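Take a look at this one; I'll ask things after.
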Amino acid sequence: MQHYLDELNTPQRDAVVNTDGPTLVIAGAGSGKTRVLTYRIAHLLEKGVRPQQVLALTFTNKAAREMQHRIAAIVGEANARNLWMGTFHSIFARILRIESEKLGYPSSFTIYDTADSKSLIKSILKEMKLSDKEYKPGDVLGRISSAKNDLVTPPAYARDVARMSADQAAKKPLVYEIYARYMKHCYQAKSMDFDDLLLNTNILFRDFPDVLQRYQQRFQYILVDEYQDTNLSQYRIIKKLAEGHQNICVVGDDAQSIYSFRGAKIENILNFRNDYPGYKIFKLEQNYRSTQTIVNAANSIIAKNKGQIQKNVFSEKESGHPIRVMESYSDVEEGYRVADDIAERRREHHYTYQDFAILYRTNAQSRIFEEALRKRGFAYKIYGGLSFYQRKEIKDLIAYFRMTVNPNDQESLKRVINYPARGIGSTTMDKLEAISAQTGYSIWQLINGYTPEQLGINAGTMKKLHGFVQLIRGFGMKLLDSQAADLAREIATASGIMADLMADKSVEGQSRAENVEELMNAIREFTTNKLESGEPARLDVFLEDVALLTDQDSEKPEDNDKVTLMTIHSAKGLEFKNVYIVGVEEGLFPSQMTIDSEQGVEEERRLFYVALTRAEEYAVMSYAKTRYKYGELKNSTASRFIREVDSQYLEVLGNSPFTSPASRPMGIPVRQPERPAVPSRFKPKASLTQRPATPSIQFNYQTSGGDYQAGMLVEHERFGRGVIDNIEGSFPNTKVTVTFEHSGTKQLLLKFAKLKILR
DNA sequence: TATATAACTAAACAA
DNA sequence: TAGTTATATA
């Protein structure tokens, strides 16, 4: 049973068998990090450590599940099941549910998502008579979140000079007050947001030493994955838990730290040596994932960053295909070129859809690729963006579930107290909210404990409110002894949501009803799974799963053979044979918001490094020269990151990104494409694939038809390039017929269409 | 009070 | 462009 050690190289094996004492594993991209973590845990169990004594914190729940599977294969199912393994948020939510009463929370507390938090901030602004123009809920939430991640409570915030003066400067001097009220409201609603899960764990361990001690003794071995992306709050939890035995193993790669925007501190991994003086360090430097070209190219760009842990990542695979640099005229054309390239590689190398990923900096870029792939009839899946659980109809139903578990959950109550319509309007709700803020009682408590006179509402309204209360109470009574699937079905029906959706015969209405059915199926599946493994299948357990889902977790089995579309952030930890990094343009990647700080650009560069190292065999960096931003067409230029990659690893198609006048490194070889980038069936009569040697930037605005002739190659700012088929009519109503490369044949009025003559 | 339409405004990454 | 909010109207 020891043979798994034979599958490891020397540093990997060392990292597995040196189980005791503080351990730092620096794991370069693709260096078998997961394998080391898995085997290290298996090794611990084989040495006789009990699974309950092992705490392993992973980046996604999916990663935890997969690891658990592999461990089970080595040490057996029964053993693996009792490991404490999951994301920071899910593990500490679990502990908080056990210990919540010490903090004054019921164990049924709700977990607020970002939308709930924003909505709560909006009502606080209303309560404080502040404008949500000056105090944008998203910004305020960001400030609060950053404070929590740095373990700064409201009183400390008010004393924190740096924070207070930053707020002053931003013309938001009252953030500290909003923060204080926000905390109070959450507490009243028996709710915690994501950051509270970690903050409250810190408070629990700080104020209840006996509780801390208990968990210190329970978790004899602690492992943390992606340590470079932990924030102060997470760092402290780990530090406290490991205090006694110091059996802590952290795994990470400083070059892949990409979450400083949510408070992650790259210093945590850089300072490990100071925190745990007797530490051992193991460096995993052999990359088993990617070709030499990809690894070397990635190294050449990350070398531009300062202050890194010294390491030498190398690959012994074949040198492989050069990294392709792809230029497009517009964002739309970029979509087609990527789709075309996928088609070509599929044809010539027999790849399947799942071998491809399109990675972008922002979710907003996904739509264009979605369309291009759909027109091709390619199967694809999109991660992130508006997820299933963020759709209105799903959130509505979930809000009922949440009310059933925790009726004080005020955000859920506000969401559904009048959906479906019960005649409880904004007038009534405004009154109740105001009294709730004044008295500190939740709306639910007000309805239950006050008379209509005290609340200033009439008896009829009160009756409606009580009707709602009875409805929710009825669900609540059944919570403990019914299965999630049955109760969910009953809630959907009895609440009137089902009927409301069924009544809507429109296309959207039907799809909403289908979504609700899909949710029901998911709950049914959850229920059978839990019952089979002998665990409770209650609705509150289901809610916990849903609240802490990561975007990688929500994968469905039918999603196997599909092209993957996702942000680079969500691609972390994944790998694909072919990777397209798209929108590699100044102002987009690196993002405009980071561009004038050295630190900001360094993080973007690490993000680029992550993107490139996802590729096993083939990578493309693509950029477009024009792109729609905030609804208008903007020019853009190739990103500095393209220039920063050592050019010996590149294959440049079409125009060189290096010839832009701003910056031109000398002597960069420009390779010509071996074949036209656009396959022949996309070519109209004239050849569109050849670019003019020096494309003119300005558009022609002539209104006479005189300059245009049939057969000309022209460009339209929306439709892209095309050939003029015909010209008719006379000035000023000259009409042209153009067949566009990707947009079909269109008739355009010359005085409106800005057609640029290419040739 | 509920709903439809018009007008406005903001626009990264995420548990 | 898209998502949200204000306004009108029944």
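Owing to the predicted nature of the structure, the values given are computational and were not obtained by experimental measurement. By convention in this document, chain letters (A, B, ...) are assigned in the order of the sequence lines, proteins followed by strands, and residues within each chain are numbered from 1.
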For this session: Kindly say whether the aromatic ring centers of A/Tyr187 and A/Tyr105 come within a distance under 6.0 Å.
Result: yes
Exercise. Do the rings of A/Phe261 and A/Tyr259 sit parallel, tilted or perpendicular, given the 30° and 60° boundaries?
Worked result: tilted
Exercise. So, is A/Asn61 close to the B/dA15 phosphate, meaning a side-chain N or O under 4.0 Å from OP1 or OP2?
Worked result: no
Seminar exercise, completed: Only residue of A/Thr201, A/Leu198, A/Asp196 satisfying side chain to side chain contact (heavy atoms under 4.5 Å, CB included) with A/Leu96 is A/Thr201
Exercise. Taking the side chain of A/Ala421 as heavy atoms from C-beta outward, which of C/dA2, B/dA2, B/dA14 is closest to it?
Worked result: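 Among the listed nucleotides, the one closest to the side chain of A/Ala421 is B/dA2.
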Problem set entry | Side-chain N or O of A/Thr567 closer than 4.0 Å to phosphate OP1/OP2 of B/dA14 | yes
Exercise. With respect to the side chain of A/Lys136, which nucleotide from B/dA12, B/dA10, B/dC13 is positioned closest?
Worked result: B/dA10
Exercise. Can a side chain N or O of A/Lys122 be found less than 4.0 Å away from OP1 or OP2 on C/dT4?
Worked result: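 No.
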Exercise. Within 45° of the ring axis of A/Tyr419 and under 6.0 Å from its six-membered ring centre, is that where the NZ or CZ of A/Lys392 lies?
Worked result: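 Judged by the rule, A/Lys392 and A/Tyr419 form a cation-pi pair.
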For this session: Return the 5'-most residue of the pair A/Thr461, A/Glu603 with respect to DNA chain B, ranking by each residue's nearest nucleotide.
Result: A/Thr461
For this session: May I ask you to evaluate whether A/Thr60 reaches the phosphate of B/dA15, defined as a side-chain N or O under 4.0 Å from OP1 or OP2?
Result: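 For A/Thr60, the contact criterion (side-chain N or O under 4.0 Å from OP1 or OP2 of B/dA15) is not met.
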For this session: Using the P atom as the reference point in each nucleotide, state the distance between B/dC13 and C/dT4 in Å, no decimals.
Result: 15 Å
For this session: Looking at every strand, decide which applies to A/Glu604 at a 4.0 Å heavy-atom threshold: base, sugar-phosphate, or nothing.
Result: base
For this session: Describe the nucleic acid contact of A/Asn149 in one word from base, sugar-phosphate, nothing, applying a heavy-atom distance below 4.0 Å.
Result: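 No contact.
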Problem set entry | cation_pi(A/Lys625, A/Tyr623) dist<6.0 Å, angle<=45 | no
Problem set entry | Closest to side chain of A/Thr362, choosing from B/dA14, B/dA2, B/dA12 |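 That would be B/dA12.
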Exercise. At under 4.0 Å, does any side-chain N or O of A/Thr427 touch on OP1 or OP2 of B/dT1?
Worked result: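 Answer is yes, contact under 4.0 Å.
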Problem set entry | Phosphate-side-chain proximity, A/Asn418 and B/dA2, N/O vs OP1/OP2 below 4.0 Å | yes
For this session: Classify the side chain of A/Arg262 versus the base of B/dC13 as yes if they form a donor-acceptor pair under 3.5 Å and no if they do not.
Result: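 When only heavy-atom distances are counted, A/Arg262 does not reach the base of B/dC13 through any donor-acceptor pair under 3.5 Å.
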For this session: Using the closest heavy atom to pick a nucleotide of DNA chain B for each, name whichever of A/Lys629 or A/His89 lands nearer the 5' end.
Result: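 Closest to the 5' end, via its nearest nucleotide, is A/Lys629.
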